[in-house]
Structure formats: C-alpha cells, structure tokens
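Data first, discussion second: the structure below is written as structure tokens.
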Amino acid sequence: MKPLSIMNNVEKAKLFAVLFPEQLEEILERIAQAYQYLSLNEDNFRGSRVNGLFTFDFWYGNAEEVNDQIILYGSRLARDSTLFSEKLFKGKHALFTTDCIYKHAKGSTSRKYKQAVELFFG
C-alpha cells in the first residue's frame with residue numbers, strides 16, 4: 001500500500017470508505033442535505049464566494065454534480081468503496097465532498113472518526 005502522503009483523493013477516499021463503512025450512509029445524507037440547502041438558498045448566495053475561494057456558481061455546480069452521482073448510484077455508493085471514491089472524489093468533486101465530510105465529522109461523537117477525517121483529508 002502507498003503511504004497516505006502520496007495517495008490522491010480517490011485513493012484516500014477508497015481507504016477511508018473501507019475503514020469507516022458505517023459512516024458512509026450518513027455522509028451521503030450530509031452531502032444531499034448540503035446540496036438541498038444550497039438549492040433552497042441559491043438566490044441569497046448568488047454572487048458570493050464560498051470559503052473565500054470559490055464563486056458560488058462554481059461551488060453550486062460542483063455540488064449539483066456530486067448530488068447527481070448520489071441520485072444515480074444511490075445506496076450502492078455506501079456499499080462499494082471503489083464506486084464511492086471514484087464518483088465522489090474525482091477531480092473537483094473532492095472539494096465539495098470533503099467539505100461535507102468535515103462538517104459531518106464536526107457533529108460526530110467519535111474521536112477516532114474525527115481524527116481520521118483530519119488525517120485523510122486535512
């Protein structure tokens with residue numbers, strides 16, 4: 001196995017999914033909720049920047065693409081670590097997905113899970 005420090009986002013996500021399969025359904029729900037929030041508040045956010053880095057249009061478009069993958073593949077994403085990693089962490093998708101995982105981990109009571117999120121995606 002490659003050292004974590006030289007793995008790309010897809011490789012890290014696959015290993016993460018193998019180590020924390022019990023979190024995947026909740027992560028998918030968190031991503032869907034984040035997309036829904038952006039959709040419902042689109043007019044309020046239009047013209048602003050997300051995290052001071054990305055235009056809202058870029059972020060929203062990315063969120064929409066990730067959400068489309070969740071709709072297309074559904075619960076299979078939570079059962080298949082390869083599918084999870086390739087569909088949600090390839091290219092720019094990793095930006096939105098990782099942000100959602102960070103926010104999901106903040107609400108977790110598991111110290112190990114929080115540390116793993118920081119280790120893999122921090």
Quick one: closest heavy-atom pair of [X] and [Y], and the distance?
X: Asn41; Y: Tyr37; value: ND2-O, 2.9 Å
X: Ser75; Y: Glu25; value: CB-OE2, 3.8 Å
X: Val18; Y: Ser81; value: CG2-OG, 3.6 Å
X: Lys114; Y: Ala105; value: CE-O, 3.1 Å

Common cluster, [X]/[Y], ILVMFWY with side-chain heavy-atom separation under 4.5 Å:
X: Leu19; Y: Met7; result: yes
X: Val66; Y: Leu40; result: no
X: Leu77; Y: Ile71; result: no

Look only at the side chain of Asp80 and the backbone of Arg76, and say whether a donor-acceptor pair between them is shorter than 3.5 Å.
no
Output the distance between atom [atom1] ([X]) and atom [atom2] ([Y]), rounded to the nearest 0.5 Å.
X: Glu22; Y: Ser110; atom1: CD; atom2: OG; answer: 8.0 Å
X: Ile27; Y: Leu88; atom1: CD1; atom2: CG; answer: 9.5 Å
X: Thr97; Y: Ile70; atom1: OG1; atom2: CD1; answer: 7.0 Å
X: Asn8; Y: Ser85; atom1: CG; atom2: OG; answer: 9.0 Å
X: Gln69; Y: Leu28; atom1: CD; atom2: CG; answer: 11.5 Å
X: Asn62; Y: Leu38; atom1: CG; atom2: CG; answer: 10.5 Å

Does anything in residues 86-95 pair up under salt bridge (charged side-chain N to carboxylate O under 4.0 Å, His left out), and if so which pairs, sequence neighbours excluded?
Glu65-Lys92
Any pair counted as salt bridge (charged side-chain N to carboxylate O under 4.0 Å, His left out), so long as it reaches residues 34-44, sequence neighbours left out:
Glu42-Arg46
With sequence neighbours excluded, what pairs up with Lys2 under the salt bridge (Lys or Arg N to Asp or Glu O under 4.0 Å) test?
Glu11
Please tell me whether Phe89 and Phe84 form a close aromatic pair, meaning their ring centres lie under 6.0 Å apart.
yes
ring-ring contact (aromatic ring centres under 6.0 Å, His included) with Tyr60: which residues, sequence neighbours excluded?
Tyr35, Phe56
Using ring-ring contact (aromatic ring centres under 6.0 Å, His included) as the criterion, list what pairs up with His104, not counting sequence neighbours.
Tyr113
Heavy-atom side-chain proximity of Phe120 to Ile101 below 4.5 angstrom:
no
For Tyr102, side-chain contact (heavy atoms from CB on, under 4.5 Å) partners two or more places apart:
Thr98, Val117, Glu118, Phe121
